[in-house]
There are 2 protein chains.
Amino acid sequence: MINKNSPIPIYYQLEEKIKNQIDQGDLKPGDMLPSEREYANTYAISRMTVRQAITKLVNDGYVYRKKGTGTFVSEKKIEQPLQGLTSFTEDMKARGMTPGNRLVHFKVVPATSSVANYLKIQENDPVYEIQRVRLADNVPMALETSYLPEKLVPGVTKEIMQSSLYEYIEAALGKKIKEATQIIESSTANQNEVELLQVRKSSPILLIERHTYLEDGTPVEFVKSAYRADRYRFMINMKR
Amino acid sequence: MINKNSPIPIYYQLEEKIKNQIDQGDLKPGDMLPSEREYANTYAISRMTVRQAITKLVNDGYVYRKKGTGTFVSEKKIEQPLQGLTSFTEDMKARGMTPGNRLVHFKVVPATSSVANYLKIQENDPVYEIQRVRLADNVPMALETSYLPEKLVPGVTKEIMQSSLYEYIEAALGKKIKEATQIIESSTANQNEVELLQVRKSSPILLIERHTYLEDGTPVEFVKSAYRADRYRFMINMKR
DNA sequence: GAGTGGTCTAGACCACCCC
DNA sequence: GGGTGGTCTAGACCACTCC
């Protein structure tokens, strides 16, 4: 089950193996895992390698350790939020809906002072400004306006925005996206949102502002989204 | 600087040391850290111990590794959200405001089916129901209703709720809080909220529902909060 | 006392990056 | 080629838990 000659690291093989056993119910919530020394003996690997695998599972919330006692499978949560930073597309798919887009505009404009500030570029530096209505099962779900610095992310096209922007940044440009900070506010629909989202005047709206960063901390994207409150709830998990 | 005879783990001492150097500007964003081997030689410790310290800093976003090149200090983010799960009190302090409370009611009631479902207990099992107006600089900020299973968290008093519930659970009851799932929605103020939060009818409200879990995954708290949208924005950081 | 996780060592070989 | 991080070993001693 563990291939020591594989180019896939041993700790990762073991991690996936245990994760599968949990997902498939071979290891149930509350069950104690074999001890680290037992795994080490079973697969003839070092205990440090076993620990590397289990530490990852602990960080991801699959299992927890009790000093002097053992390692146990965690209970499942009532509602399972998405893990980590996801795109609208991934988010909607996870909610069992079909994502769609309607492009409102796509242009290169000089950065306003506030956009320049968020993207840490000079005022009037060129930025892509892309506004889209995001659809779920063909019903408007959110109005999204994205800003991307042209120097950092050149060659963005409508087609790329239709498929996966993050994949383009990571695969085609070779830049790794690390994280995003999101600011979430409650508001009511303005005239523009009333029209594009097809909601009544003053309907509740969930405003989400996203600042996305590369691995070295460079801002790569600034997005303002207005979600219909009647169709969207934001769900996250936070560790203590 | 590193004390090998201290009961404080070496990796933790090194982690704090590097963190301090970053906070105090001795290591600036973009700077390369000394290599792992260099740290190991300098402090006469094993490279694996150095890696344990740096891995933690990577996970917390302070530094990032580049294969074959080195480890570097991350850029600071534009707006720094709180790290991890925090209480209202901690949150307000971090925002530079003075937190306060006004108790609306404190009672033990039989769990409704929805509360029982969230807390994974039987319907009609006794639960604490605590409703408070949360103040920031003496102005109403949120209306918060908490439910706690009496069997799991016995001995809760008004005084404990005034100080720190999480500390009581962790210190007095010896249970570790692991994480919380939060569901965030946009809404408008109902009559009760209009009165207690002193806002106009139909003002935008940020609804936050929090499900808190212990280390083994047992639900320990269920909280519904209504925040004034004019005074509160929710900020989080998500890793890819 | 036996078993568990927590910490730590002193090496090793690899792939990758830069010169 | 020399330096870097990524992976891995085969031990060790500790504190803690449970019986």
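Quick note on labels: first sequence line is chain A, next is B, and so on, each numbered from 1.
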#### Entry: Opening and closing nucleotides of DNA chain C in contact with chain B, under 4.0 Å to non-hydrogen atoms
C:dT7 to C:dC17
Which pairs would a plain distance check flag for residues 107-125 of chain A, meaning a side-chain donor or acceptor within less than 3.5 Å of a matching protein atom at least two apart in sequence or in another chain?
| residue | atom | partner | partner atom | Å |
| --- | --- | --- | --- | --- |
| A:Thr112 | OG1 | A:Val115 | N | 3.3 |
| A:Lys120 | NZ | B:Lys76 | O | 3.2 |
| A:Asp125 | OD2 | A:Gln122 | N | 3.1 |

### Query
Taking only residues two or more places apart in sequence, or in another chain, which ones meet B:Thr49 in a side chain to side chain donor-acceptor pair (under 3.5 Å)?
none
### Query
Given atom CD1 of B:Ile8 and atom C1' of D:dA15, what is their separation to the nearest angstrom?
16 Å
### Summary
Applying side-chain contact (heavy atoms from CB on, under 4.5 Å) to B:Thr89 and not counting sequence neighbours gives B:Ser87, B:Lys93, B:Pro99, B:Arg134
#### Entry: All pairs passing ring pair (Phe, Tyr, Trp, His ring centres under 6.0 Å) where residues 74-99 of chain B contributes a residue, at least two apart
none
Mind listing the side-chain donor-acceptor pairs of residues 15-28 of chain B below 3.5 Å, one per line with the distance, residues two or more places apart or on another chain?
| residue | atom | partner | partner atom | Å |
| --- | --- | --- | --- | --- |
| B:Glu15 | OE2 | B:Lys56 | NZ | 3.4 |
| B:Glu16 | OE2 | B:Tyr12 | OH | 3.4 |
| B:Glu16 | OE2 | B:Lys19 | NZ | 3.3 |
| B:Asn20 | ND2 | B:Glu16 | O | 3.4 |
| B:Lys28 | NZ | B:Gly25 | O | 3.1 |

## Note on the structure
Contacts of B:Thr71 meeting side-chain contact (heavy atoms from CB on, under 4.5 Å) (sequence neighbours excluded), chain-then-number -> B:Leu33, B:Ile54, B:Val63, B:Arg65
### Task
Only counting residues at least two apart or in another chain, list the ones meeting side-chain contact (heavy atoms from CB on, under 4.5 Å) with A:Lys66.
A:Tyr64, A:Thr69, A:Phe72
### Message
Test: ring pair (Phe, Tyr, Trp, His ring centres under 6.0 Å). Region: residues 18-57 of chain B. Which pairs qualify, not counting sequence neighbours?
### Response
none
Give every pair of a protein N or O atom and an N or O atom of nucleotides 17-19 of chain D that lie under 3.5 Å apart, one pair per line with the distance.
| residue | atom | partner | partner atom | Å |
| --- | --- | --- | --- | --- |
| D:dT17 | O4' | A:Gly68 | O | 3.4 |
| D:dT17 | O3' | A:Thr69 | OG1 | 3.4 |

#### Entry: Interface residues of residues 35-52 of chain A with DNA chain C (non-hydrogen, below 4.0 angstrom)
A:Ser35, A:Glu36, A:Arg37, A:Arg47, A:Met48, A:Arg51
### Message
Which residues pass the side-chain contact (heavy atoms from CB on, under 4.5 Å) test with A:Lys224, not counting sequence neighbours?
### Response
A:Glu209, A:Phe222
#### Entry: Trace of the side-chain contact (heavy atoms from CB on, under 4.5 Å) decision for B:Lys77 with A:Tyr213
CA-CA 8 Å; B:Lys77 287 182 276 293; A:Tyr213 301 92; 3.8 Å; yes
